[in-house]
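Keep in mind it's a predicted model, so treat the numbers as computed, not measured. Side chains included, hydrogens not; waters and symmetry mates left out as well; all remaining heavy atoms used.
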Amino acid sequence: MGILRWIATVALAGCATAGLETVPQSDWNTVPTAQRAMLDAAYNADRNQAQAEVRAATAAVDHERALVAVQPRHKPAAADDDARARADALARVDAANADRARAELVWRERRLDAARDRLAVIDTQRELDRAHAVDRNMVGDDYQVAPYRGQLAQAQVHWYATNERAAAARADVVRASADVASAKEAFAQLVRGDVDQMADAERALRLPGWSTDPTETGHRRGLVFVRASAPLALHQRGLHRTAIAPLLR
């Protein structure tokens, strides 16, 4: 926070105009052509990159707004206790997803703010660089660079603040994502419990049947009465009385 207070102090001591103060063209023309071209090329490269970041951040905000608008909602089922518990758990997943989508949207909006503020930093940095270039090429009195330094400091203060807000919004996204994972795990545990209950019920309903598998006593073939075989094993294997008659002799 010390650097922010220092920048803010410099900003107040500098130019307090609301708009961008630019180096007059007549002053800028005193700088040799090669130096002007080098500074302008660096500025254009930085600004093109920053504009690309603004476009990407804008598209991300539009995408997140569309997702927030179509978040699904499951109503709790008015059925038995188990079905109602599953519906409630699924509704909690939906609510957590909706909260995460809103947090994601806020984060994307904060990133867009930071991207726009970076453009202001680049523009004010160019004017300060131009002022320094004019100052280096002046003969006699020093060029007044303080106003350009002040407006750059103001732009940096805004940019740092929006970056901090974006970082805080990102932390909210992380927490919301953890809540989604927790809600999904709770729902998955209910589903796994239902599957285990169904498996237990199926095992309890199994009937003893016939199996043609070799027995532990060494018989290579024959029919053995087993209690753990699947229901109606003969029918499932396609063995009928006419087919097994030779085996009974």
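- Here the CG atom belonging to D172 is positioned 10.5 Å from the OG atom belonging to S177, to the nearest 0.5 angstrom.
- V54 and R116 get closest at one heavy-atom pair: CG2-N, 4.0 Å.
- For residues 150-161, the set of pairs meeting the salt bridge (Lys or Arg N to Asp or Glu O under 4.0 Å) definition, not counting sequence neighbours, is empty.
- Of all the heavy atoms in R102 and V68, the pair that sits closest is N-CG2, 4.0 Å.
- Note that CG of L128 and CZ of R126 are 12.0 Å apart. Values are rounded to the nearest 0.5 Å.
- Looking at N137, its side chain never comes within 3.5 Å of a backbone N or O of V31 through a donor-acceptor pair.
- Checking side-chain atoms of S182 against main-chain N and O of A178 turns up no donor-acceptor pair under 3.5 Å.
- Contact of the D113 side chain with the R165 side chain is not registered, since no non-hydrogen atoms from C-beta on lie closer than 4.5 Å.
- Under the salt bridge (Lys or Arg N to Asp or Glu O under 4.0 Å) criterion, the residue pairs touching residues 49-64 are E53-R118, with sequence neighbours excluded.
- V61 and W107 are assigned to two separate hydrophobic clusters, defined by single-linkage of ILVMFWY side chains at heavy-atom distances under 4.5 Å.
- Side-chain contact between D117 and V121 is absent, with no heavy-atom pair separated by less than 4.5 Å.
- Taking CD from Q35 and OG1 from T30, the interatomic distance works out to 9.5 Å, rounded to the nearest 0.5 Å.
- A heavy-atom distance below 4.5 Å is not found between the side chains of T162 and R110.
- W159 and L152 fall within a single hydrophobic cluster, where Ile, Leu, Val, Met, Phe, Trp and Tyr are joined by side-chain heavy atoms under 4.5 Å apart, directly or via other members.
- The shortest non-hydrogen separation linking L190 to A89 is CD1-CB, 3.6 Å.
- Using a 4.5 Å heavy-atom threshold, the side chains of E104 and H63 count as separate.
- A heavy-atom distance below 4.5 Å is not found between the side chains of R100 and D179.
- Closest approach of L119 to Q51, counting heavy atoms only: CD2-CG, 3.9 Å.
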Problem - Residue pair V134, V23: steps toward the side-chain contact (heavy atoms from CB on, under 4.5 Å) verdict - result: CA-CA 9 Å; V134 172; V23 174; 4.2 Å; yes
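- To the nearest 0.5 Å, the span separating OG1 on T58 from CZ on R108 amounts to 12.0 Å.
- Listed by first then second residue, pairs satisfying salt bridge (Lys or Arg N to Asp or Glu O under 4.0 Å) with a partner in residues 24-43 read D40-R130, not counting sequence neighbours.
- W28 and I122 fall into different hydrophobic clusters, where Ile, Leu, Val, Met, Phe, Trp and Tyr residues are linked whenever their side-chain heavy atoms come under 4.5 Å apart, directly or through other members.
- With rounding to the nearest 0.5 Å, the separation of CZ in R92 from CG in N97 is 13.5 Å.
- At most 12 heavy atoms of other shown residues, nucleotides or ligands fall within 6.0 angstrom of atom CD in Q144.
- The backbone N or O of E21 lies less than 3.5 Å from a partner atom in the side chain of Q151, making a donor-acceptor pair.
- Hydrophobic clustering (side-chain heavy atoms under 4.5 Å, transitive across Ile, Leu, Val, Met, Phe, Trp, Tyr) keeps L67 apart from V180.
- Between Y148 and T124 there is no side-chain heavy-atom pair separated by less than 4.5 Å.
- The hydrophobic clustering, which links ILVMFWY residues whose side-chain heavy atoms are closer than 4.5 Å, places M38 and Y43 apart.
- Salt bridge annotation for D123-R47: present, with a cationic side-chain nitrogen under 4.0 angstrom from a carboxylate oxygen.
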